[in-house]
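I have placed the structure first, in the form of structure tokens, so that the comments after it can refer back to it.
We count ligands from 1, going down the list as the structure has it; atoms in each ligand are counted the same way. All figures in this text were calculated on a predicted structure; none of them were measured in a lab.
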Amino acid sequence: METVQNYISEHKDRFLEELLNLLRIPSVSADPAFAGDVRRTAEFVKASLESAGVDTAELHETAGHPIVYGEKLIDPNLPTVLVYGHYDVQPPDPLDLWDSPPFEPVIKKTAIHPDGAIFARGACDDKGQMYMHVKAFESMVASDQLLCNVKFLIEGEEEIGSDNLDVFCKANAEKLACDMVLLSDTSVIANDVPSITVGLRGLSYVEVEVTGPNRDLHSGVYGGAVANPINILCDMISSMKNENLEISIPGFYDDVVVVSETERQEMNEAPFSLESYKNDLEIDEIVGEKGYTTLERTSIRPTLEVNGMWGGYIGEGAKTVLPSKAYAKISMRLVPNQHPDTITDLFTKHFESIAPPGVKVKVTPHHGGHPAVTPTDTIEYKAAQMAMEKTYGKNPIPQRSGGSIPIVAMFEEVFGVKSVMLGFGLDSDDIHSPNEHYGLFNYFKGIETIPYFFFYYNKLKQS
Ligand code: BES
Ligand code: MN
Ligand code: MN
């Protein structure tokens, strides 16, 4: 392992330069205007796998953006690790809130990242974290220390629901056969508090439309006499939570697994400062479901959040108008054993049932995803734990995350394999927000830790 680590320290500058080049390509999967850039990014990833030492790398066409696949199979008697990641990024909007252009990476020091952090869309989610695997792999191959067969599966549609990856995996189960999945697309608690993600929430995402009168009206001439769809939509949304901030959609909690007191106690032992949490967000109070801590509210409890809302006049100045339509995008984060389709159905029925006379409503489902929980009593988890212990000098804490990576549940369902979520970002890295960044410390710590994972996984598998 020493030769691998030496190789890494000798090539740090280049590893960074290459990531910066990857970050310069705007691979925004949600916006068709970027389709060409998304493809260029896929080609960049394919070429980087080739120069890192895979035997074969391929670009697979899908109904959407291409999937990059690469493999190096050294010995059928060795375990096979499927490395998953995504090269697509969230839209960078709102652009005016970025301190530097989102696709022109710059390195700046921050209080949390005194060694510097790379500011760019995708720096942490997930180009930076995905690329750590390419560079760790290169370092293992170059040092003749690759101890497992490796398959890379890097998609370009994670941020839009991974629908085509789902199709691809089901059609190519044999090609993708593996003993486990390894991914870095989550976070650690802090740079001095390593953790391993053992849970993800699921997702049900819907768009709603409320229609009042058949056209926009003069708000003086008609106001007060005709239902205003924006007012109505606000009422409907606020009625979906009670005074304890529990979700009042009938049946919503029916399938929620109740987490044991012991497990809750354990999870609340993780280091967490409410004061720094509030300071970081510049809020004077936190709000959430009664009876649960912040850590619980963002991991073992489901949510309902408005992600965006619009209608009427939102341009400069004032325009007196009673709008014909109001819209909102709403996400529900799900926990075991809630099913995304069931929740979408429950939401739709409920939303239709609470619509008052005077308006018509329409619910359009977007993507969904299943929640996932990974066990800690496996060789896979143990190897990750030992790897982090080695590079951080501390035993990592298992922690459930509030985010979603829908494909993780699919890997388990379709391939029957467990995933190890060995993330290195920080929750404060502003993924999906303006000024997303990724610490240089985190990038290199990831590259250094991954080879140890392979080392221990190989060792534990053989014994
Ligand atoms: N990497 C994130 C998920 C994540 C972030 C997990 C932080 C744990 C900690 C992923 O790219 C993501 O953003 N997923 C989406 C869901 C997807 C279906 C659009 C999400 O969680 O909103
Ligand atoms: Mn991600
Ligand atoms: Mn994301």
Exercise for the section: Given salt bridge (Lys or Arg N to Asp or Glu O under 4.0 Å), test Arg14 with Glu138 step by step and report yes or no. Expected result: CA-CA 12 Å; Arg14 177 171 56 81; Glu138 176 194 317; 2.7 Å; yes

Problem - Donor on one side chain, acceptor on other, Ser184 and His133, under 3.5 Å - result: yes

Exercise for the section: Report, as yes or no, whether the 6.0 Å neighbourhood of atom CG on Asp166 holds more than 12 heavy atoms from other residues, nucleotides or ligands. Expected result: yes

Completion exercise
for atom 4 (C) of ligand 1, nearest protein heavy atom and its distance come out as Asp185 O, 3.7 Å

Exercise for the section: With the Mn ion (ligand 2) as the reference point, give the N/O/S atom of Asp125 that is nearest. Expected result: OD1

Exercise for the section: Can you sort out which atoms of ligand 1 are near His86, meaning under 4.0 Å from one of its heavy atoms? Expected result: 11 (O)

Problem - atom 3 (C) of ligand 1: nearest protein contact (heavy atom, Å) - result: Ser404 O, 3.5 Å

Handout entry: Distance filter under 4.0 Å to Ile431 heavy atoms, resulting ligand 1 atoms
Key = 5 (C), 7 (C)

Practice task
Enumerate the atoms of ligand 1 whose separation from the nearest heavy atom of Ser401 is less than 4.0 angstrom.
Solution key: 6 (C), 8 (C), 9 (C)

Practice task
For ligand 1, note which part of Glu159 has a heavy atom under 4.0 Å away: side chain, backbone, both or neither.
Solution key: both

Exercise for the section: Could you verify whether a donor N or O on one side chain and an acceptor N or O on the other, from Asp185 and His86, lie under 3.5 Å apart? Expected result: yes

Problem - Vertex the Mn ion (ligand 3), arms to Glu159 OE2 and His432 NE2, rounded to 10° - result: 110°

Completion exercise
Here the atoms of ligand 1 under 4.0 Å from any heavy atom belonging to Pro406 are 18 (C)

Exercise for the section: Please write down residue, atom name and distance for the protein heavy atom closest to atom 11 (O) of ligand 1. Expected result: Glu158 OE1, 2.7 Å

Problem - Phe152 and Phe137 aromatic centres sub-6.0 Å - result: yes

Handout entry: Pair Tyr84 + Phe411: ring centers closer than 6.0 Å
Key = yes

Handout entry: Within reach of ligand 1, part of Arg333 (heavy-atom separation under 4.0 Å)
Key = side chain

Handout entry: Test item: side-chain donor near acceptor, His339 and Asp255, under 3.5 Å
Key = no

Problem - Under-4.0 Å salt bridge between Lys46 and Glu43 - result: no

Handout entry: Side chains of Ser100 and Lys108, donor plus acceptor under 3.5 Å
Key = no

Handout entry: Distance-only N or O hit between ligand 1 and Asp125, under 3.5 Å
Key = yes

Practice task
Output yes when the distance from some N or O of ligand 1 to some N or O of His432 is under 3.5 Å, and no in every other case.
Solution key: yes

